Structure formats: C-alpha cells, structure tokens
Number of protein chains: 2
Amino acid sequence: MGATKTAYFTNDQNSIAMIAKALGHPARIAIINYLLKVDACICGDIVNELPLAQPTVSQHLKELKNAGLIKGEIEGNSICYCINNEAIAELQNYIAKMTIQLENKKNNCC
Amino acid sequence: MGATKTAYFTNDQNSIAMIAKALGHPARIAIINYLLKVDACICGDIVNELPLAQPTVSQHLKELKNAGLIKGEIEGNSICYCINNEAIAELQNYIAKMTIQLENKKNNCC
DNA sequence: AAACTATATCGTAATATTGCAATCATAAAA
DNA sequence: TTTTATGATTGCAATATTACGATATAGTTT
C-alpha cells in the first residue's frame with residue numbers, strides 16, 4: 001500500500017501517466033515554459049528564474065529528465081537543458097486521440 | 001517544507017500542473033480511457049474495470065473531479081461520470097502552444 | 001595547485017499520495 | 001420497513017514527493 005500499482009496497468013497507461021505526472025508541478029511547468037521561451041537552451045539560469053533553491057530545481061530537472069521531457073548536455077562547466085520533442089509529441093498524440101473520441105460522442109450524457 | 005509552493009507560481013502554471021497531476025496516475029488514465037471508450041457514460045463499473053478496490057477508485061474519481069477533468073451526476077442509485085471537455089481543451093491548448101514554440105526554434109541545441 | 005563556478009547528491013523534515021478495510025449515507029427493491 | 005445496492009467517507013499504514021542546507025563533484029580560471 002502507498003505505492004502505485006504500476007504492474008496492474010498497460011505500458012501505454014503508465015507511459016502517459018509518467019509524462020503527465022512530470023508536468024504535474026507548477027515549478028516543472030515553469031521550467032518547460034522557460035525552456036520554450038529562451039531562444040537557445042541556456043540553462044543554469046533556470047535556478048535564477050525560479051523561486052526555489054538550487055537543489056530543489058536540480059531535483060525537478062532530474063524528474064523531467066527521467067520522464068523523458070527534457071535532455072541535458074554537458075557544456076564545459078555548465079549544463080544545457082532543452083526540451084525533448086518526442087515526449088511532447090506522445091502527449092499531444094494522446095490528447096488529440098481523446099479529443100477525437102470526445103467529438104464522436106458529443107453530448108451523450110451529463 | 002514538503003508542500004508545493006503554489007503561491008510562488010502563476011495561475012496558469014498552477015492550473016496546467018493541476019490538470020497534468022490529475023492525469024499523472026495510470027489508474028486515472030485508465031478511468032479516462034474507459035469513459036472515452038464506453039458509449040454512454042455508464043459508471044460504477046469503472047470499479048469492475050480497474051484492478052483496485054472500490055474506495056481507491058472512488059478516491060481517484062474524486063481527484064479527477066477536483067481537477068475538473070470529469071463531472072459526476074447522480075442518477076437514481078448510481079452515479080454517472082463523464083469527461084469534462086473544457087479541461088481537456090485547456091490541456092490541448094497548452095500542448096499545442098508548446099508545439100508551435102518548438103517548431104519555431106527547431107534544432108537550436110542538444 | 002588553489003580558488004571559483006556550476007550542478008548533482010545526500011540527509012532529513014514536512015507533507016502528500018496511494019491503497020484498502022471498515023463504515024456511513026442514500027436510494028431502490030422487496 | 002427491512003433489505004440490498006451503490007458509492008462516499010473515515011482511519012490508517014506504506015510509500016512518495018517537495019524543499020533545502022550541507023556537501024560532493026567536475027570543469028574553469030587564476
């Protein structure tokens with residue numbers, strides 16, 4: 001008890017849930033928004049952008065990385081993070097499917 | 001410490017994060033998928049569909065409801081849940097914006 | 001090499017989530 | 001009215017997340 005029963009669900013369900021979960025924190029949304037806004041993926045200053053301490057930001061970056069939403073590349077002293085289009089595409093694809101299904105049934109209820 | 005610093009972020013960031021968070025569990029993805037698949041939004045059998053106990057499913061439904069992703073309507077003895085298109089639209093809109101921004105910068109890095 | 005910079009990791013406290021058995025609330029059926 | 005069915009709520013244990021100070025690691029600069 002307490003732990004998510006991952007094994008009980010399909011790969012697809014777990015995969016989408018993992019991506020969504022990674023986006024399920026305002027700090028991580030803020031990080032993604034920042035990476036989208038900044039022209040090059042200059043990083044590190046993410047810490048300056050966010051109202052959180054450096055270790056906390058580092059931890060959020062790690063979670064985004066684990067979920068495949070961002071990639072990091074060592075660049076001399078610092079590290080360059082940027083968005084991984086594939087994960088975004090997977091989520092977009094899922095949402096798009098949902099929307100199509102929703103349109104096909106319109107106002108069946110509620 | 002331990003609690004998310006919601007107040008430090010914008011409404012938009014919190015709003016999207018809330019929706020994403022609600023989708024951040026395979027059981028809740030499974031519920032959404034089921035609601036999309038079933039023609040009418042006959043419910044209750046959600047419990048039968050999922051490998052989880054009734055109180056657990058009820059809790060997941062509550063979270064989806066809190067996040068505005070589903071609506072529930074009392075129907076005699078049972079309750080009829082269905083998807084709330086607006087929340088889905090909000091998420092889709094956000095992802096679409098992301099995609100546009102991503103296309104505008106292509107391979108700047110990483 | 002020593003100092004500095006940037007970022008990750010460790011340890012830990014506070015809080016949140018997940019899951020379920022037991023129980024409650026309400027409506028339908030008998 | 002008693003029973004039955006459906007779904008929510010309560011209480012609790014196990015685990016996960018969030019946040020950060022302190023520290024470690026690795027590259028850069030002096």
Side-chain angles (χ1 to χ4, degrees), chain A residues 1-9 13-14 17-31 34-35 41-67 69-82 110, chain B residues 1-9 13-14 17-31 34-35 41-67 69-82 110:
Chain A
M1 309 117 214
T4 295
K5 294 187 159 180
T6 310
Y8 290 20
F9 300 97
Q13 286 164 348
N14 282 313
M18 207 178 162
I19 294 173
K21 190 176 184 180
L23 291 175
H25 191 290
R28 295 194 289 266
I29 293 290
I31 290 172
Y34 183 72
L35 287 179
C41 57
I42 316 142
C43 305
D45 13 40
I46 295 173
V47 174
N48 298 322
E49 274 290 304
L50 295 196
L52 297 171
Q54 180 267 322
T56 308
V57 173
S58 188
Q59 199 173 271
H60 281 305
L61 287 168
K62 194 178 174 185
E63 275 165 69
L64 285 170
K65 209 168 158 189
N66 282 342
L69 278 161
I70 63 175
K71 294 181 281 192
E73 236 170 47
I74 297 169
E75 198 155 277
N77 201 2
S78 52
I79 291 190
C80 170
Y81 278 113
C82 68
C110 298
Chain B
M1 309 123 211
T4 294
K5 295 188 160 182
T6 310
Y8 290 20
F9 300 97
Q13 286 164 346
N14 282 311
M18 206 178 162
I19 293 173
K21 190 176 183 179
L23 291 174
H25 191 289
R28 294 194 289 266
I29 292 290
I31 290 172
Y34 182 72
L35 287 180
C41 57
I42 316 144
C43 306
D45 12 40
I46 295 174
V47 174
N48 297 322
E49 274 289 303
L50 295 195
L52 297 171
Q54 180 266 322
T56 308
V57 172
S58 189
Q59 199 174 272
H60 282 306
L61 287 168
K62 195 178 175 185
E63 274 166 70
L64 285 171
K65 210 168 159 189
N66 282 342
L69 278 161
I70 62 174
K71 294 182 280 191
E73 236 171 46
I74 297 170
E75 200 156 275
N77 204 0
S78 52
I79 289 191
C80 170
Y81 278 111
C82 68
C110 299

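Numbered from 1 within each chain, the chains take letters A, B, ... in sequence-line order. Everything numeric in this text was worked out from a predicted model, so none of it was measured.
- A distance of 10.5 Å separates NZ of B:Lys71 from SG of B:Cys80, quoted to the nearest 0.5 Å.
- Residue B:Met18 contributes atom CE, which lies 15 Å from atom C1' of C:dT17 at whole-angstrom precision.
- Proximity of a side-chain donor or acceptor of A:Asn14 to a complementary backbone N or O of A:Thr6 within less than 3.5 Å is detected.
- Comparing A:Lys21 and A:Ser78, the nucleotide of DNA chain C nearest to each residue sits closer to the 5' end for A:Ser78.
- If you measure from atom CZ of A:Phe9 to atom P of C:dT18, you get 11 Å, rounded to the nearest angstrom.
- How far NZ of B:Lys21 is from CD1 of A:Ile29: 12.0 Å, rounded to the nearest 0.5 Å.
- Residue A:Tyr8 contributes atom OH, which lies 10 Å from atom C1' of C:dG19 at whole-angstrom precision.
- The NZ-P distance, from B:Lys5 to C:dA13, rounds to 18 Å in whole Å.
- With D:dA19, C:dC20, C:dT18 as the choices, the nucleotide that has an atom nearest any side-chain atom of B:His60 turns out to be C:dT18.
- Rounded to an integer number of Å, the gap from B:Glu49 CD to D:dT6 C1' is 17 Å.
- A distance of 12.0 Å separates CG of B:Leu52 from CD1 of B:Ile46, quoted to the nearest 0.5 Å.
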All N/O contacts under 3.5 Å from nucleotides 8-12 of chain C to the protein, with atom names and distances to one decimal?
{"from": "C:dA8", "atom 1": "OP1", "to": "A:Tyr81", "atom 2": "OH", "distance (Å)": "2.4"}
{"from": "C:dA8", "atom 1": "OP2", "to": "A:Ser58", "atom 2": "OG", "distance (Å)": "2.7"}
{"from": "C:dA8", "atom 1": "N7", "to": "A:Gln54", "atom 2": "NE2", "distance (Å)": "2.7"}
{"from": "C:dA8", "atom 1": "N6", "to": "A:Gln54", "atom 2": "OE1", "distance (Å)": "3.0"}

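- Toward the 5′ end of DNA chain C lies the nearest nucleotide of A:Gly44, the other residue of the pair B:Ala27 and A:Gly44 mapping further downstream.
- Each of D:dT18, C:dT15, C:dG19 was ranked by its minimum atom distance to the side chain of A:Glu63; first place goes to D:dT18.
- Of the listed residues (A:Leu35, A:Leu61, A:Leu23), just one forms a side-chain contact (heavy atoms from CB on, under 4.5 Å) with A:Leu69, and that residue is A:Leu23.
- Looking at every heavy atom in both residues, A:Met18 comes nearest to A:Asn66 through CE-O, 3.6 Å.
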Every protein N/O within reach of nucleotides 25-30 of chain C N/O, cut-off under 3.5 Å:
none

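- Using bins of under 30°, 30° to 60° and over 60° for the plane-to-plane angle, the ring pair A:Phe9/B:His25 lands in the perpendicular bin.
- Within the structure, salt bridge (Lys or Arg N to Asp or Glu O under 4.0 Å) pairs that include any residue of residues 47-59 of chain B do not occur (at least two apart or interchain).
- Across the protein-nucleic acid pair, B:Glu73 atom CD and D:dG7 atom C1' stand 16 Å apart, rounded to whole Å.
- Taking atom CG of residue B:Leu64 and atom P of nucleotide D:dG7, one finds them 16 Å apart after rounding to whole Å.
- In this structure the side chain of B:Tyr81 reaches within 4.5 angstrom of the side chain of B:Lys65, judged on heavy atoms.
- Rounded to whole angstrom, the span from the NE2 atom of A:His25 across to the C1' atom of C:dT17 amounts to 14 Å.
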